[in-house]
Amino acid sequence: MSLSPTELKALLATPEEDVLARVLAEFRGRVAVISSFGAESAVLLDLVAQRDASIPVFFLDTQRHFAETLAYRHTLTQALSLQDVRVIGPSALQLQTRDPQDQLAAFDPDACCALRKVEPLDSVLPEFDLWLTGRKRSQAKTRAALPVVDVQPDGRVKINPLAGWGPERVEAVMRTRGLPRHPLVAQGYTSIGCAPCTRAIGEGEDARAGRWAGLAKTECGIHRPS
């Protein structure tokens, strides 16, 4: 089911800084986190864990992640005492049928993302009414209008508690809380997805410029541009 009109109205009227606390207090059992365990993922996961470490956290294992990302997932899970990290991804049969040579990303990256990310997540989306993400307006021009309470066409709601955060605030929290850092950040990776489709960014580029570099593609498909 989706939020009732009363619940949605109350969320939309909630100050941005208070949305996360309200969601975790009032919608337990109806909310989950989508996390890439990427460059800035620790901040949202830490904020959630401080309030309720049992909230389900979904990680999309595309089978094409950097080894550092998989190791970092383990590190953060342990450091934050996350109790319910769920790994989802494409089935072996789907991979064999649709990408038998592991080359789909090279000639149809949208189809690769659909296979490895969009469809696996779609299979679990109906279980929850609200999904927490770490998206921020500062990450890219395509996210500049990102709302904190993002109502989806199907009635479910994505909550972006950090939408208004900039790099300085993220860095301050990382330092203050002593949060572990993704190993690739030190190498210039500011947004980290699948290894074949991610590069380090150059000076002056926005945080997501290293994703699908040289292509018009800016999102994998689990989120729409805002």
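Any value given below was found using the heavy atoms of this structure, including those in side chains, with hydrogens, waters and symmetry copies removed.
Of the possible polar contacts, none joining the Thr69 side chain to the His65 backbone as a donor-acceptor pair under 3.5 Å is found. Counting only distance, with no hydrogens or angles, the side chain of Gln152 and the backbone of Asp150 share a donor-acceptor pair below 3.5 Å.
Residues satisfying the salt bridge (charged side-chain N to carboxylate O under 4.0 Å, His left out) test with Arg116, not counting sequence neighbours, are Asp99, Asp102. Judged as a side chain to side chain contact (heavy atoms under 4.5 Å, CB included), and not counting sequence neighbours, the contacts of Arg28 are Asp52, Ser54. With sequence neighbours excluded, the residues forming a side chain to side chain donor-acceptor pair (under 3.5 Å) with Arg199 are Glu205, listed by chain and number.
The shortest heavy-atom contact between Ile88 and Leu121 is CD1-CA, 4.0 Å. The two residues Leu45 and Ser35 have their closest heavy-atom pair at CD1-OG, 3.6 Å. Smallest separation of non-hydrogen atoms from Ala163 and Val148: CB-CG2, 3.9 Å. What you find for Ser2 and Arg156 is that their closest heavy atoms are CB-N, 4.3 Å. Listed here is the closest heavy atom pair of Ser81 and Ala53: O-CB, 3.4 Å. The minimum heavy-atom distance between Pro90 and Pro120, with the atom names listed, is N-CG, 3.7 Å.
Among Leu184, Ile192, Val185, the single residue meeting the side-chain contact (heavy atoms from CB on, under 4.5 Å) criterion with Glu68 is Leu184. Screening Asn160, Val33, Leu162 against Thr133 for a side-chain contact (heavy atoms from CB on, under 4.5 Å) leaves a single residue, Asn160.
Tracing side-chain contacts under 4.5 Å through hydrophobic residues (I, L, V, M, F, W, Y), one never reaches Leu95 starting from Val87; they form parts of separate clusters. With hydrophobic clusters built from ILVMFWY side chains whose heavy atoms lie under 4.5 angstrom apart, Leu76 does not share a cluster with Phe66. Connection of Leu24 to Val85 is established within a shared hydrophobic cluster, with ILVMFWY side chains joined at heavy-atom distances below 4.5 Å, either directly or through further cluster members. Residues Leu115 and Phe58 fall into different hydrophobic clusters, defined by Ile, Leu, Val, Met, Phe, Trp and Tyr side chains chained together at heavy-atom separations under 4.5 Å.
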#### Entry: Chi angles and distances behind the salt bridge (Lys or Arg N to Asp or Glu O under 4.0 Å) call for Glu16, Arg137
CA-CA 13 Å; Glu16 288 192 2; Arg137 298 172 194 135; 2.9 Å; yes
#### Entry: Stepwise side-chain contact (heavy atoms from CB on, under 4.5 Å) test for Leu20 and Leu47
CA-CA 9 Å; Leu20 179 61; Leu47 289 173; 3.8 Å; yes
### Message
Under the criterion side-chain contact (heavy atoms from CB on, under 4.5 Å), I'd like the reasoning laid out for Leu80 against Val48: C-alpha separation, chi angles, the key distance, then a yes or no.
### Response
CA-CA 10 Å; Leu80 303 179; Val48 171; over 6 Å; no
### Message
Pair Met174, Glu40 - check side-chain contact (heavy atoms from CB on, under 4.5 Å), show working.
### Response
CA-CA 9 Å; Met174 292 286 291; Glu40 298 178 341; over 6 Å; no
### Task
Check the pair Phe37, His74 against ring-ring contact (aromatic ring centres under 6.0 Å, His included), reporting the backbone distance first and the verdict last.
CA-CA 9 Å; Phe37 286 83; His74 177 75; over 10 Å; no
### Task
Just do the side chain to side chain donor-acceptor pair (under 3.5 Å) check on Arg22 and Thr14 with the steps written out, would you?
CA-CA 8 Å; Arg22 182 168 196 162; Thr14 302; 3.0 Å; yes
### Message
Please evaluate residues Thr6 and Leu8 with respect to the criterion side-chain contact (heavy atoms from CB on, under 4.5 Å), reporting the C-alpha separation (whole Å), side-chain torsions for both, the decisive distance (0.1 Å), and the verdict.
### Response
CA-CA 5 Å; Thr6 300; Leu8 181 57; over 6 Å; no
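From Arg64, atom CZ reaches atom SG of Cys112 across 5.0 Å, with rounding to the nearest 0.5 Å. Atom CD of Glu171 sits about 9.0 Å away from atom OG1 of Thr176, to the nearest 0.5 Å. Going from atom CD of Glu119 over to atom SG of Cys113 covers 11.0 Å, rounded to the nearest 0.5 Å. Residue Arg177 holds its CZ atom at 4.0 Å from CG of Asp46, rounded to the nearest 0.5 Å.
With contacts defined as side-chain heavy-atom distances shorter than 4.5 Å, the pair Leu11/Ile159 qualifies. Side-chain contact check for Ile55 versus Asp84: every heavy-atom pair is 4.5 Å or farther apart. Using a 4.5 Å heavy-atom threshold, the side chains of Glu7 and Glu26 count as separate. Looking at heavy atoms from C-beta onward, Phe59 lies in side-chain contact with Leu70 at the 4.5 angstrom threshold. Counting heavy atoms from C-beta outward, Val31 and Phe128 have side chains that stay 4.5 Å or more apart. Using a 4.5 Å heavy-atom cutoff, the side chains of Pro161 and Val19 are not in contact. Side-chain contact check for Trp165 versus Val173: some heavy-atom pair is nearer than 4.5 Å. Side-chain atoms of Arg169 and Val43, non-hydrogen and from C-beta on, never get closer than 4.5 Å to each other.
In the model, Gln94 has a side-chain atom that pairs as donor or acceptor with a side-chain atom of Arg98 under 3.5 Å.
Note on ring orientation: taking the six-membered ring where Trp is involved, the planes of Tyr72 and His182 are tilted (angle from 30° to 60°).
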